[in-house]
Amino acid sequence: MTGGQTGGSMAADRALFAAMLREEWRLHVRLFGGWRFAAFPVVVAVLGAGGVAALAWAGVDVGVAIAGLHVLVFVFGLQTGSVGLVAQDALDRLLGEVSLLVATWRYLPLTRGRAVGAFLLRDLLYYTGLILLPLAVAFVPAGLVYDAALLAAAPRLALSLPATFALGLVTTTALIALVRRGVPGTALALGIPGTIGAAWWSGLPIADATPYGLYTGPSVLAVLGTGVGIVVAATVGFTGLGRSDPRPARTREPGLSALADRIGDDRGLVSRSLLELSRSAGGVGTIAFSATVLLLVAGGVVALVGRIGGVDPQAGLTFGPLLGLSAFTSYNWLTTTTDAPAYRRFPLTIGDVIAAKRRALAIVGLPVGTVALAVALVWLGTTPVDAGLGVLLLVGVHQYVGGLTAFLAGLRPNEFLFDTVLFSAFGVAILVPVAPLLVVGLVVPAPGPLLLGAVAATALALAGMGTLLGQRAGPRWEARYRSGDVG
Amino acid sequence: MSERDAPAVRASDLRKSFGDLVAVDGLSIAVESGELYGLLGPNGAGKTTAIELLTGQLAPDSGTAAVLGADPVADPLAVRERVGILPEKEAPPSFLTPREFFAFVGRVRSVPEDDLAERIALWTDRLGLEGQLDTLAADLSRGNQQKVMIAAAFLHSPEAVFIDEPLANLDPIVQERVKEALVEYAAENAVVLSTHHVEVAAEVCTTVGIVHEGRLVAERRPRELAADRSLLEEFMDAVGDDHAAVRPAADGGARGGGAPEGEEPDEDAVDRGADGR
């Protein structure tokens, strides 16, 4: 390649990246209005500052909380990295009516790998600006009021949190790329994290060579470890996701009618949704991946609270509601390829489509959540009552979150992540019922029969409320589509 | 007027705005069964919005409509049960095969299995979709995707169909077959065809309503035009100088004009600030 070509490629990369930044900004501003998008980091900073102040006021070791924050951000990065799968479908123009810039590799002098790279880099910048830097800023007020050490933590967090997120993001893309290389790739995908985990378990100071090391004590090892990790994972991931193997047109045996008959789906809406999920990039594995991520988060929370409070959590009471939250990501995956207006060419309402999506959610999301819960129960140990309540809570919260998401976001749940108003409403609507349940699971050493009865009643009430919200979602969104507010 | 005597499709003073933009501005049309009515207009004229109003996909700000005796405002599902719709620029679901999509349409529209199989065979043969029925729609060519969408609009043998730029991406032979099919279908049913291709409207439509800036500005019967008048000239006179650039050359070579058949149509749907991804 000549220098001129290299320069031209870099110019093309820069132009694509700049255009993608504008595209994302305009998309969100158009969806929510400018202030609802722009206010998002302010809300994150304010909520974060409240949390940090509460911990400092209560005398909790904030260092432990910060370690937990890095775990959460890493897991958040892992989850976000799965958008690489969405990028893959966008590359192939499979996402419905909207054409994204990532698809321009088809007719501009760009490679698929660089288009995916720019797509994920754009996400990294947006998440950094909207969530991660505001989280670092959140330590400033408590630092000024309670502890100067918190003030000093803010600039280091501003570096370590985005790096942690970036590592999580590229790790997922690398894992996806490796798994797609067949058995050897899958072996590597399992072996490398396993080896790193074993090394950490054996006491090697692995954390010092991670982005967390940038927070605890910036060193050459931390910088090198972080840099090499991100670059290697990114290279593996972008190269893999960017591959465009020539392939014949894919054929499939007719599956819709057989599936519809098997599950009693008269109109085929649920079956269509399940087939689309199973055939999109990542398939049903996306649901399992998201549940696994949530399981890791829940494990991190349990470990963190255990270290802070010294209380053994009730596994079922803790993991049941936390895994029930997976309904949001599962519903998101089920609606990723949904082109709502296309259903309206038929004698169908948006309510029909939402009802089908929620049934599909129950069919794939609940079993996956149950398996994850079983893993947690085996891992931490449980009693029959705790296990039973865990299942009840999983079902209740899952049903509630599914109904709430459908009510607030219709068939586009991923779009309201950065809408300040909707995100706040969603956050409050989740926190109000789930936080007390988690307190019971995490903090109360041996809940009595009355408390356990209240927990069971709450689970049932949440299931009922979720059903009600799901039913009301249909008319609400049908009216919005008919008026032309969305379309 | 009894329902029996009423036109198959009737719109009276329909209006629809998106914010400050008036997409449809007092549109009134009547389409009888046995008629192939063309909504002809430049890009952004409001043709697609008009179809979405008539089929109950959008609610009008004011005005009334009736389609096969049903009210698309009060009972949009009743309308969409009875009509077929071919939307502009819409592909079949990426991750279903045409056979699966047709099965889905059959279920949603309650078409008996035997009838469905017969009609799939008919349209597959007519459009040349043999050998493509088990290929994922994502891997079909644009032209074959359009054929799937055309077939899907007719599978339940509707008494009225609304079709938006049906010839996009089709090769000339299939274009001719589709035009023949439309004319044949319109002999016993009502067909509303939205297009900005003057020559297509002139060739197949019994009546053409020229739409400009959301209004019906003229209505013509192509076969009744004077010998020295073309539909293109009628169209240019009706829409004014805004579109003078597409007038035929002075030597009068083209009586049709507009974009060539089969070319990717421009987005006709009015940009109404709807959200995106």
Side-chain angles (χ1 to χ4, degrees), chain A residues 26-27 30-32 86 89-90 92-100 247-260 265-269 271-272 275-280 336-339 341-349 352 412 414-415 478-479 481-487, chain B residues 16-19 23 49 52 55-59 61 73 76-87 89-97 99-110 113 132-141 149 152-153 162 269-270 272-277:
Chain A
R26 286 178 184 166
L27 182 68
R30 191 170 177 178
L31 283 170
F32 316 131
V86 178
D89 282 342
D92 294 328
R93 298 181 307 197
L94 304 179
L95 293 182
E97 79 272 34
V98 176
S99 179
L100 297 177
R247 65 177 184 213
R250 294 163 290 181
T251 58
R252 294 286 184 279
E253 288 294 312
L256 187 130
S257 291
L259 179 59
D265 176 26
D266 289 346
R267 291 196 285 183
L269 283 163
S271 312
R272 173 175 165 178
L275 283 181
E276 289 178 337
L277 171 71
S278 67
R279 292 172 182 175
S280 60
T336 298
T337 59
T338 301
D339 180 7
Y343 284 90
R344 306 187 73 247
R345 323 300 184 201
F346 302 106
L348 294 167
T349 64
D352 295 328
R412 292 176 173 171
N414 58 331
E415 301 297 1
E478 176 68 20
Y481 277 96
R482 280 204 79 202
S483 69
D485 286 349
V486 292
Chain B
K16 181 68 181 175
S17 299
F18 301 104
T49 303
E52 290 180 342
T55 53
Q57 296 175 68
L58 284 175
D61 299 332
V73 181
L77 290 191
V79 172
R80 296 209 292 271
E81 275 172 10
R82 295 176 205 185
V83 306
I85 302 172
L86 172 65
K89 286 184 71 176
E90 199 164 286
S94 299
F95 298 108
L96 296 187
T97 64
R99 197 188 301 279
E100 289 173 332
F101 182 48
F102 294 151
F104 171 75
V105 173
R107 280 176 177 265
V108 167
R109 294 196 174 282
S110 304
E113 278 188 26
Q132 307 292 326
L133 287 177
D134 294 317
T135 301
L136 284 187
D139 292 346
L140 294 174
S141 68
M149 295 302 290
F162 294 81
V270 173
R272 50 189 190 248
D275 47 349
R277 195 180 293 187

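Excluded from the calculations below are hydrogen atoms, water molecules and symmetry mates; all remaining heavy atoms, backbone and side chain alike, are included. Chain naming here is simple, since letters A, B, ... match the order of the sequence lines and numbering starts at 1 in each.
The residue among B:E113, B:Q132, B:R107 with the most heavy atom pairs within less than 4.5 Å of chain A is B:R107. Between chain B and the options A:T251, A:T349, A:D265, A:D352, the largest number of non-hydrogen pairs under 4.5 Å is found for A:T251. Taking chain B as the reference chain and counting heavy-atom pairs below 4.5 Å, the highest number among A:R344, A:E478, A:R267 is found for A:R344.
For the pair B:E100 (side chain) and A:G255 (backbone), a donor-acceptor distance under 3.5 Å is present.
Looking at B:E81, both its backbone and its side chain come within 4.5 Å of chain A, counting heavy atoms on both sides. Within the 4.5 angstrom heavy-atom criterion, only side-chain atoms of B:F101, from C-beta onward, approach chain A. Of the two parts of A:L269, the backbone and the side chain both hold a non-hydrogen atom closer than 4.5 Å to a non-hydrogen atom of chain B. Within the 4.5 angstrom heavy-atom criterion, no atom of A:S271 approaches chain B. When heavy atoms are compared at a cutoff of 4.5 Å, B:T97 approaches chain A by way of both its backbone and its side chain.
Both the sub-6.0 Å distance and the 45° axial angle are not jointly satisfied by A:R252 relative to the ring of B:F95.
A pairwise comparison of heavy atoms in B:F18 and A:G484 identifies CE2-CA, 4.1 Å as the closest pair. Between B:R80 and B:G56, the closest heavy-atom pair is NH1-O, 3.1 Å.
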- Between A:L256 and B:L96, is a side-chain contact (heavy atoms from CB on, under 4.5 Å) present by the stated rule, with each step listed? CA-CA 8 Å; A:L256 187 130; B:L96 296 187; 4.2 Å; yes
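Looking at B:V108 and A:P347, their side chains come closer than 4.5 Å, going by heavy atoms from C-beta outward.
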